[in-house]
Structures are given as structure tokens and as C-alpha cells.
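Owing to the predicted nature of the structure, the values given are computational and were not obtained by experimental measurement.
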Protein chains: 2
Amino acid sequence: MASTASTRVPLSRERVFQSAVDLVDAEGLGALTMRRLAEALGVEAMSLYHHVSSKEGVLDGIVEVIVGEMLDAVSDLDPSRADDDWPGAMRERVLAAREVLLRHPWAPEVIESRRAMIPAVVHYYEGVLAILRRGGFSYDLAHHALHALGSRVLGFTQELFEPDTPEGDEANEETFRQLAEQLPNLVGMLSSVNHDGEDTTLGWCDDQTEFEFGLDVLLDGLERARSRRSG
Amino acid sequence: MASTASTRVPLSRERVFQSAVDLVDAEGLGALTMRRLAEALGVEAMSLYHHVSSKEGVLDGIVEVIVGEMLDAVSDLDPSRADDDWPGAMRERVLAAREVLLRHPWAPEVIESRRAMIPAVVHYYEGVLAILRRGGFSYDLAHHALHALGSRVLGFTQELFEPDTPEGDEANEETFRQLAEQLPNLVGMLSSVNHDGEDTTLGWCDDQTEFEFGLDVLLDGLERARSRRSG
DNA sequence: ACCTGAACACCGTTCAAGT
DNA sequence: ACCTGAACACCGTTCAAGT
């Protein structure tokens, strides 16, 4: 019954979102416009609006895809581990999520810009909370823990500064050189911290070593707060 | 010598940035366009480009103004307090910065989007580092501490979700209702955490109580990491 | 040196029309 | 039901020209 002339697959929300992820993987966030996305799908820009309400909806959908990959990645971890080692269970979950981000290094920027209740994100947080509850946290302390961990539960650390792009302008380095003599502590810190290792990295500071170390400091501090409160 | 016909003050970077802050204070971030900003200054849009290189430069300038206010606010604190009570000194500094944000509640969003080395931000971090160093942190551990504290050193907590705007659509609440039975822990947490108090607030979760509590958990965890390492 | 007006090259999005 | 083409209402920014 199907015409053999055109085997075009009909558009769907899922195809739109996956295509958006592929486009950004290949060409960066700047390439994501409604026109470019439509082109990649072999369709006119306005056809997209039958499946998404706006470009904001596309960005939400991108997060749904990425965090969906995280949910897949954590689905075969053992939830009962949290009963007697919640920091270990959390660490395992978060590092699995981080591996997804290493395949989509632009994703933290998009995730940070979204505050809508995206189903995959909500489910991911539910799993984080489950670990904290099994580990003995009250709802109230678990809430504080979520905020203290921040983006780290999704596998990335916020950057403070971004280095200048290799080919771009040198505004940052120039600013820093001019101010350097008023900044003894920053100069000292930057010279003692390795910022050009070959380590797997999501950003200037966010390499695997820094991420794991900072995560462990937080998990330890939170476990201490928990045990102090539950007596 | 000066003509009395027009007492127009010449444009300057400082006037452009301050005017941008005033515009956003009055009408929100969405109102900030080069054309609107020029209008507020009684000038054509293109005149702005003699003083700033781009709209990105205006946003950097806004952060310079806001964090400049923070530097003023912390300038009369006693640096030597960190010598025997670094968590107290940090707490004092951070809460002073937060008071600036309470006057500009849109500012966290702008600050989060900037990664350039803005002079005021660099100086602010220098002061944060000075406290950690006086408190006995190695450069390496101070670096981890900065990332662990994240946006908190500038006085705000990242939100996880934003509630629906009062007049806006109800997409978030709708999503949540549909998923609620699969989310026992989130439902439990949200019902036990106060999200509609009259407290001074920067966001849904970021009220003064949550901010101070979460800050203290982190400061305590960091002090523990420090004392464990220095023996 | 500083500011302007018109224009350019994009955006996201609306709308009426096609099939 | 789904897709289209043209148009709208904006953007940020360039450029040649004014004073």
C-alpha cells in the first residue's frame, strides 16, 4: 500500500529532538536554528511547529534526550547499595551520568539554561533522592544536599572562567596580566593547579580528577551532616 | 564655553553599563536590546558600538557593575578575621554579596551565563581565596573549595526547577502531576519543604534559610577536609 | 572623535493556503 | 492531519556618511 516513490519517515517529536542532538554534536550549539534543524530533517522550518511549540521546546527536548541517556546508563546499577553505602552509590550514579556528558560536551551549557520540569530530569532526581533516603537522609536534609551538590549530580562542575578560545581574542589573558600584581592568591593558585593536562575533560577546570575529588569532599561533608543529625 | 542649548552628558562605558542595569532593574532582562538601551540613553543604537564591542560586552559590563557593588559591600569587612575563623569570614562576605543580589534578583541568571574574566569578578574571587589561604588551605584544596561552593560564593544557589509563572502556562505542574505516582521521594520532599514562605527570596528554593543552611553544611565539610589534610 | 540613518543578514514565529 | 511558502516583526551589526 505504501508508495515506493518516497520512503520519507513522518516527523515526530522524538525524531526532531534526536536530530537536534545530532546537529549540535556535529556543528555546535550555534548551528541550532529552526531553519537548520528543519533542513537536516528534509523539511521546512514551519513544519517543526506541528511537533514542538517553540525553540525553547526543542532545547527542552535536547535535555530530555541527553538525560534519557543518563537514565539508561544508571538503569543497571543496584539501588540497594545505598542502604549501607550511600556515598558509594551516589558516586557510581554520578560518574555514569558524567560519561554521557563526555560524549556531548556542549550539554552542560544547555542543561544549565533549562529550569522546566523535563520528565527525564525529574526521574533522574527521583533516583538521586532515593539514594539519599536509603542512606538515612530526612527530606529536609536531602533537599539541602541536592542544592549543595548542584550540577554535580548530573555529572559536571560549573566553570568559573573559560579560557580564551585558541583562535579567538586574548581578552581574558590580557585582563589577567594587567591585574596580576593585585591578585597574589589567584596567581599562586593558577600556577599550582594543572590546567593543561591530557585528562578527560569537560572544561578548563572540570577534568576527571577535579570532579571526583570535589565530589568526594561534598559526599563526605554531607554524610557528616547526616550522621550528626541522626545522632 | 559650553553651549547651554544641550547639556547632554557624553556617552561612556560606565554610563552605558549603569543604564543597562537600570533598564533591567525596571523592565527585566527581556527588555535589554541594543535599541532599547540606546533609547534610554537618548542616543541611536549604533552609537553604543563606539563604547562596547557587542551586546556580549554589555552583559559583561552589567556583571562588572553588580559585582562592583559586591566589592563595595565587602570592602569594610575585616580580612584578619579569617586568621582564626575562616568560615565566619567567608559567611560574612558571602551574605554581604547576597544582599546586593536581593536588590537585583535577575542578576544570578546573567552572572551564570558569563565566563569571561571580568575585573570585578576576578577581584572578588581574589578576596575569597585570601580568606581560604588565611584559613590554612593549600592552593590545591582552595581550588576544590571554590568549585564546591560554586555560585554560593557570589551569594546565590542554583535552582533545580523554576515554578510556573503565576500568569503563564502550567506545563511544569501538569508534567509533575502526571509523573507523581512514579516519584514517591520527590513528592515527599516537596511536601515537607516550604516553598511558599514569606522569606526574603531569590528563587523558588533559594530563600535565606535554605541559603544559609546549605552554606554552613559546605563550610563545615570544607573545614573538615582542610583540618584532615593539614593534620 | 563621535554620532547617525539606512541597510544587511539573519532570527523565531504567524498565517493563510495548499494536499 | 500534515506540510508549505511568503511574510512579519523583530534582532545584532556593518557601513558609508554626516558634523
Side-chain angles (χ1 to χ4, degrees), chain A residues 1-21 23-24 27-63 106 109-110 113-114 116 165 168-169 171, chain B residues 1-21 23-24 27-63 106 109-110 113-114 116 165 168-169 171:
Chain A
M1 228 53 162
S3 157
T4 55
S6 164
T7 53
R8 177 150 57 167
V9 187
L11 232 44
S12 67
R13 289 173 65 80
E14 287 66 34
R15 278 192 69 218
V16 170
F17 297 152
Q18 187 59 56
S19 192
V21 169
L23 175 61
V24 180
E27 306 193 42
L29 268 173
L32 182 69
T33 69
M34 297 304 269
R35 284 169 174 85
R36 292 282 312 264
L37 177 56
E39 189 185 8
L41 285 157
V43 109
E44 294 298 314
M46 293 63 212
S47 305
L48 300 174
Y49 288 88
H50 289 276
H51 299 95
V52 298
S53 65
S54 65
K55 186 179 179 179
E56 294 284 289
V58 174
L59 290 166
D60 286 348
I62 284 178
V63 174
W106 46 267
E109 185 177 340
V110 181
S113 74
R114 312 278 89 197
T165 53
D169 52 85
Chain B
M1 227 51 163
S3 157
T4 54
S6 164
T7 53
R8 176 150 58 169
V9 187
L11 232 44
S12 68
R13 288 173 65 80
E14 288 65 34
R15 277 192 71 218
V16 170
F17 297 151
Q18 188 59 57
S19 192
V21 169
L23 175 61
V24 180
E27 307 194 42
L29 269 173
L32 183 68
T33 69
M34 298 303 270
R35 284 167 174 86
R36 293 283 313 264
L37 177 57
E39 190 185 7
L41 284 156
V43 109
E44 296 297 315
M46 293 62 212
S47 304
L48 300 174
Y49 287 88
H50 288 274
H51 299 94
V52 299
S53 65
S54 65
K55 186 178 179 180
E56 294 284 289
V58 175
L59 289 167
D60 287 348
I62 284 178
V63 173
W106 47 266
E109 186 177 338
V110 182
S113 74
R114 310 280 90 196
T165 53
D169 53 84

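- For residues 43-53 of chain A, no residue pair satisfies the side-chain hydrogen bond (donor to acceptor under 3.5 Å, both in side chains) rule, not counting sequence neighbours.
- Regarding contacts with the backbone of D/dC2, every side-chain N or O of A/S47 stays at 4.0 angstrom or more from both OP1 and OP2.
- Contacts of A/Q18 classified as side-chain contact (heavy atoms from CB on, under 4.5 Å), with partners at least two apart in sequence or in another chain: A/V21, A/D22, A/V65.
- Residues satisfying the side-chain contact (heavy atoms from CB on, under 4.5 Å) criterion with B/A38, sequence neighbours excluded, are B/V43, B/A45, B/L48.
- Not counting sequence neighbours, the partners of B/E56 by the side-chain contact (heavy atoms from CB on, under 4.5 Å) test are B/S54, B/L59, B/R114.
- In terms of modelled atom types and a separation under 3.5 Å, the side chain of B/S113 and the main chain of B/V110 share a donor-acceptor contact.
- Within 3.5 Å, no donor on the side chain of A/H50 pairs with an acceptor on the base of D/dC2, nor the reverse.
- Atom C1' of nucleotide D/dT4 and atom CD of A/E44 are separated by 6 Å, given to the nearest angstrom.
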Taking Watson-Crick and G-U wobble pairs with both distances under 3.5 Å, convert DNA chain D into its dot-bracket string, 5' to 3', dots for unpaired and | for cross-strand pairs. ||.|||||...|||||.||
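- Separating the CD atom of B/E39 from the C1' atom of C/dC3 is a distance of 17 Å, rounded to the nearest angstrom.
- Contact annotation: the side chain of B/I62 approaches that of B/W106 to within less than 4.5 Å [non-hydrogen atoms, C-beta and beyond].
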Could you encode protein contacts along nucleotides 10-19 of chain D as a string, one character per nucleotide from 5' to 3', using B for base contact, S for sugar-phosphate-only contact and - for no contact, with a heavy-atom cut-off of under 4.0 Å? -BBBB-----
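- Considering only residues two or more places apart in sequence or on other chains, A/E27 meets the salt bridge (Lys or Arg N to Asp or Glu O under 4.0 Å) condition with A/R36.
- In terms of the side-chain contact (heavy atoms from CB on, under 4.5 Å) criterion, residue partners of B/A116 (sequence neighbours excluded) are, by chain and number, A/N172, B/D60, B/I118.
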